[in-house]
Chemist: 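Dropping the structure in here first, questions after.
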Amino acid sequence: MKALAKELNISVATVSKALNDSYEISQPTKRKVLEAAGRLNYTINPYASSLRNKKSKTIAVILPEVADNFFSLAINGIQSVAEKKGYHVLIYLSHENFMHEKSIVAECCTGRVDGVLISVASETINGDHIVKLQDENIPVVFFDREFENLSVAKVITNDYECGYLAASHLIKNGCKNPVFLSVSSCLEICKKRAQGFLAALKDKKTGHPETAIIECKGTKEEDYSKIKKLLNDKNRPDGIVTSVERLAISVYLACHELNVSIPGALKMVAFSTLETAPILNPPLTTIVQPAFDIGKTATELLFKEIERKPNNGEDQVVILPSSLIERTSSQIL
């Protein structure tokens, strides 16, 4: 800006105001500054500007994984808001590891970001690291996966009701022994889905609630082996609800390998936003979360905090309902 000011024989302040389209500067002066800036290949440095304003103009998004289509759609929702605000988005992966998640949050506490969106890892057992973010006055919002015992804004879906709906749907279509495959006993999202599932078994007086929740929290290979063993058992289930879409794919592969017919011998429902669900063989019945809207709404809440806009305690917990889309995998033949 000093070079531009010298070139045009005006003050640095005038150059700055002209580049920022200030109402204090006339249109002819603005044109003259912009022309000179183009001629001298001048571009505004947003990082230097953010340092002056004590803002990084960056938000962090901490995800447990990206293989799940839900998170890809949620990222699109997040970016749709961040870009309009002129913010960069840093994406971190915890790989479902609590210690890795803690180290990422510690890095965010250094002032590198102005706010944090987080979907917690399946191994996360406490929220002390989130409290440290709050202690540093860095706004944080949970989306999809939360840690319930913290006073933090969150955007979630109606997981208990959907767990109940999934089990009821299988029972209505003839299942006598449905099971629920969960990826965690710690995650609130999994606990609520499992609780809803068990409540449906109790209300419908069917199944075996004491053995109906099966945890699949090992490696991909270990979970696949567990699913194969389950399907090979003489008392194998006649219905499965998977808490995440990767487990649904494993069930399909295991059924193919073991020659177990879907939906003849086994009916299936998956919590999934998988775009290919309608073209699987057979097409997969899914409970679909509004992933884009969850990401978008969580980011809007985060910017309310960043910009310190008062909300009088409203909208701190936003619940966006999911929906069941019935396809062949759960139907009566």
Chemist: When Ser122 is tested against each of Lys217, Glu96, Glu65 for side-chain hydrogen bond (donor to acceptor under 3.5 Å, both in side chains), which residue passes?
Modeler: Glu96
Chemist: Just say parallel, tilted or perpendicular for the rings of His100 and His95, cut-offs at 30° and 60°.
Modeler: parallel
Chemist: Please say whether more than 12 non-hydrogen atoms of neighbouring residues, nucleotides or ligands are located less than 6.0 Å from CD in Glu210.
Modeler: yes
Chemist: Would you check, one step at a time, whether the test side chain to side chain contact (heavy atoms under 4.5 Å, CB included) holds for Phe98 with Ile125?
Modeler: CA-CA 8 Å; Phe98 179 41; Ile125 55 174; 3.5 Å; yes
Chemist: Check this for me, if you would: do Glu188 and Lys191 make a salt bridge, where the nitrogen-to-carboxylate-oxygen distance has to be below 4.0 angstrom?
Modeler: yes
Chemist: Kindly list each side-chain donor-acceptor pair under 3.5 angstrom involving residues 71-79, sequence neighbours excluded, with atom names and distances?
Modeler:
none

Chemist: Going by atom types only, do Thr285 and His169 share a side-chain donor-acceptor pair under 3.5 Å?
Modeler: no
Chemist: Do Phe147 and Ile130 pass the side chain to side chain contact (heavy atoms under 4.5 Å, CB included) test, and can you show the C-alpha distance, the side-chain angles, and the key distance before you say yes or no?
Modeler: CA-CA 9 Å; Phe147 199 83; Ile130 305 299; 5.8 Å; no
Chemist: Side chains of Arg327 and Thr286: is there a donor and an acceptor less than 3.5 Å apart?
Modeler: yes
Chemist: Indicate whether the side chain of Asp144 and that of Gln289 have a donor and an acceptor atom separated by less than 3.5 Å.
Modeler: yes
Chemist: Could you work out, with side chain to side chain contact (heavy atoms under 4.5 Å, CB included) as the rule, every residue matching Ser80, not counting sequence neighbours?
Modeler: Phe292, Lys296
Chemist: In chain order, what residues pass the side-chain hydrogen bond (donor to acceptor under 3.5 Å, both in side chains) check against Glu257, with sequence neighbours excluded?
Modeler: Tyr224, Lys228
Chemist: Looking at Ile332, Asp238, Val269, which one forms a side-chain contact (heavy atoms from CB on, under 4.5 Å) with Asn173?
Modeler: Ile332
Chemist: Show the numbers, then the answer: is there a side chain to side chain contact (heavy atoms under 4.5 Å, CB included) between Thr299 and Leu117?
Modeler: CA-CA 7 Å; Thr299 312; Leu117 294 166; 3.5 Å; yes
Chemist: If you measure from the Lys or Arg side-chain nitrogens to the Asp or Glu carboxylate oxygens, is any gap between Glu300 and Lys84 under 4.0 Å?
Modeler: no
Chemist: Starting from the C-alpha separation in whole Å, work towards a yes-or-no answer on side chain to side chain contact (heavy atoms under 4.5 Å, CB included) for Phe143 and Val61.
Modeler: CA-CA 10 Å; Phe143 70 102; Val61 180; 4.1 Å; yes
Chemist: If you measure from the Lys or Arg side-chain nitrogens to the Asp or Glu carboxylate oxygens, is any gap between Arg39 and Glu7 under 4.0 Å?
Modeler: yes
